[in-house]
**Q** 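The structure under discussion is supplied below as structure tokens; questions concerning it will follow.
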Amino acid sequence: MTEKHLSTQFDAELSGVSTRVLEMGGLVEAQVAQAIYALVHFSAETATQVLKTEERVNQLEVEIDADLSAIIARRQPTARDLRLLIAISKTIGNLERVGDEAARIARTVQRLINTGVFSRLKLPVGDVSFESELAVALLRKALDAFARLDTVQALEVIKQDNQIDQEFDGLMRKLITYMMEDPRTISASIDLVFVAKAIERVGDHAKNLAEQIIYIVKGTDVRHNSVEAVANIALQRN
């Protein structure tokens with residue numbers, strides 16, 4: 001078997017794994033959107049669908065992990081190829097946790113529907129929906145950057161994560177006001193706090209994905225660095 005043939009096979013295996021990662025990303029992106037739809041529209045059916053999708057997401061994580069182990073064992077990759085495989089392993093872990101956050105929101109929706117609280121009280125569900133739109137858009141951008149290994153777009157994701165944090169802080173202040181003005185909203189408001197925190201974590205995971213893209217391309221671990229330092233690495237010429 002020629003070296004070129006081996007290289008072609010390896011490239012095909014990497015492409016196959018990357019495609020499955022994007023499939024997993026599409027699933028968790030839809031999960032988050034469905035979980036918020038279930039919250040806004042009080043849809044128990046949609047919440048149940050989110051929990052069913054979680055099973056497929058978990059299955060994909062296990063399958064992709066097995067593929068990665070097999071590729072490493074057969075090909076013994078080095079340099080950028082090894083970085084890509086390591087980054088993919090971390091990426092699917094982040095995606096699986098995004099799915100967990102969506103499932104957490106869905107279970108909260110089920111509980112709120114069962115208590116009937118939303119039919120009696122006015123709560124800032126719309127604000128939660130806006131925060132989720134930002135998080136889903138950020139996750140989508142991170143997945144697009146992964147598909148093209150685009151460090152410029154990955155840097156944009158890292159910068160925009162701060163906007164979701166600001167929305168979360170604003171929502172917390174609003175919910176505190178609701179609870180102070182009407183003690184009847186305390187229980188439901190606390191549930192919304194956990195929903196908002198789950199959405200904020202989705203943004204964090206999108207940021208983590210972006211950091212892995214920069215690691216793949218530049219070979220530098222940019223976690224726990226300032227945005228300015230990350231920008232210097234992401235934008236530097238190889």
Side-chain angles (χ1 to χ4, degrees), residues 14 17-29 31-32 57-58 60-62 64-69 71-72 77-104 131-132 134-169 172 194 196-238:
L14 288 178
V17 168
S18 295
T19 298
R20 287 166 71 81
V21 172
L22 293 174
E23 177 190 354
M24 185 178 178
L27 281 175
V28 298
E29 180 186 326
Q31 257 190 303
V32 177
V57 170
N58 292 340
L60 269 173
E61 182 191 21
V62 172
I64 295 171
D65 255 337
D67 289 343
L68 292 174
S69 297
I71 291 173
I72 291 173
T78 58
R80 178 167 170 165
D81 290 334
L82 182 58
R83 292 204 305 270
L84 175 59
L85 294 174
I86 293 172
I88 287 175
S89 180
K90 293 179 180 180
T91 293
I92 62 174
N94 276 288
L95 290 176
E96 190 274 334
R97 286 187 283 277
V98 170
D100 287 344
E101 300 299 345
R104 186 172 290 111
E131 183 196 6
S132 74
L134 292 176
V136 169
L138 203 63
L139 178 61
R140 185 180 302 118
K141 180 176 284 190
L143 289 168
D144 184 55
F146 174 83
R148 298 185 291 113
L149 293 181
D150 186 338
T151 58
V152 174
Q153 191 165 350
L155 178 61
E156 291 176 5
V157 171
I158 293 171
K159 290 179 177 179
Q160 291 172 7
D161 177 58
N162 186 54
Q163 186 179 2
I164 297 175
D165 295 338
Q166 291 174 353
E167 288 295 325
F168 174 77
D169 292 341
M172 290 305 98
F194 287 115
K197 186 61 180 177
I199 296 169
E200 191 249 354
R201 289 195 187 105
V202 171
D204 289 341
H205 291 309
K207 178 183 176 182
N208 292 343
L209 296 183
E211 290 172 343
Q212 291 304 317
I213 293 162
I214 296 172
Y215 171 69
I216 293 168
V217 177
K218 301 297 182 179
T220 302
D221 190 340
V222 297
R223 292 176 297 174
H224 314 304
N225 279 281
S226 67
V227 173
E228 292 76 14
V230 174
N232 288 335
I233 295 168
L235 301 178
Q236 70 184 1
R237 293 184 178 179
N238 291 335

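Numbers here are sequence positions counted from 1. These figures come from a predicted structure and were not determined experimentally.
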**Q** Under 3.5 Å, side-chain donor or acceptor atoms of residues 92-100 against the rest of the protein: list the pairs with distances, not counting sequence neighbours.
**A**
residue : atom : partner : partner atom : Å
N94     : OD1  : H205    : ND1          : 3.0
N94     : OD1  : N208    : ND2          : 3.0
N94     : ND2  : K90     : O            : 3.0

**Q** Specify the closest pair of heavy atoms between M172 and A196, including all atoms of both residues, with the distance to one decimal.
**A** CE-CB, 3.8 Å
**Q** Taking all heavy atoms of A142 and all of V157, pick out the closest pair and write down the distance.
**A** N-CG2, 3.8 Å
**Q** Between S89 and L85 (side chain of the first, backbone of the second, donor and acceptor by atom type, cut-off under 3.5 Å), is there such a pair?
**A** no
**Q** Quick one: do K197 and E200 make a salt bridge, cutoff under 4.0 Å?
**A** yes
**Q** Would you call E23 and R20 a salt bridge, using N to O less than 4.0 angstrom?
**A** no
**Q** Does a salt bridge link R140 with D144, judged by any charged N lying under 4.0 Å from a carboxylate O?
**A** no
**Q** In Å, rounded to the nearest 0.5 Å, how long is the span from CG of L14 to OG1 of T19?
**A** 10.5 Å
**Q** Is there a side-chain contact (heavy atoms from CB on, under 4.5 Å) between I199 and V32? Walk through the geometry before answering.
**A** CA-CA 8 Å; I199 296 169; V32 177; 5.5 Å; no
**Q** To the closest 0.5 Å, what do you measure between CD1 (I71) and CD1 (I88)?
**A** 7.5 Å
**Q** Would you compute the distance between atom CG of D161 and atom CD of E211 and round it to the nearest 0.5 angstrom?
**A** 9.0 Å
**Q** Do any N or O atoms from the side chain of N225 and from the backbone of R223 form a donor-acceptor pair under 3.5 angstrom?
**A** yes
**Q** How many angstroms lie between atom CD of Q212 and atom CG of L149, to the nearest 0.5 angstrom?
**A** 12.0 Å
**Q** Which pair of non-hydrogen atoms, one from L143 and one from L22, has the smallest distance, and what is that distance?
**A** O-CD2, 3.6 Å
**Q** Check I164 against G203 and note the closest heavy-atom contact, atom names and distance.
**A** CD1-CA, 3.9 Å
**Q** Going by heavy atoms in the side chains, are L235 and T151 under 4.5 Å from each other?
**A** no
**Q** When you compare the side chain of V152 with that of L155, does any pair of heavy atoms fall below 4.5 Å?
**A** no
**Q** Considering all heavy atoms of both residues, which atom of I213 and which atom of F146 are nearest to each other, and what is their separation?
**A** CD1-N, 3.3 Å
**Q** Under 3.5 Å, which donor-acceptor pairs do the side chains of residues 226-233 form with other protein atoms, sequence neighbours left out?
**A**
residue : atom : partner : partner atom : Å
S226    : OG   : A229    : N            : 3.1
N232    : ND2  : E228    : O            : 3.4

**Q** Considering non-hydrogen atoms only, spot the tightest contact between A234 and I214 and give its length.
**A** CB-CD1, 3.8 Å
**Q** Could you point out which residue of E101, Q31, E29 forms a side chain to side chain contact (heavy atoms under 4.5 Å, CB included) with V202?
**A** E101
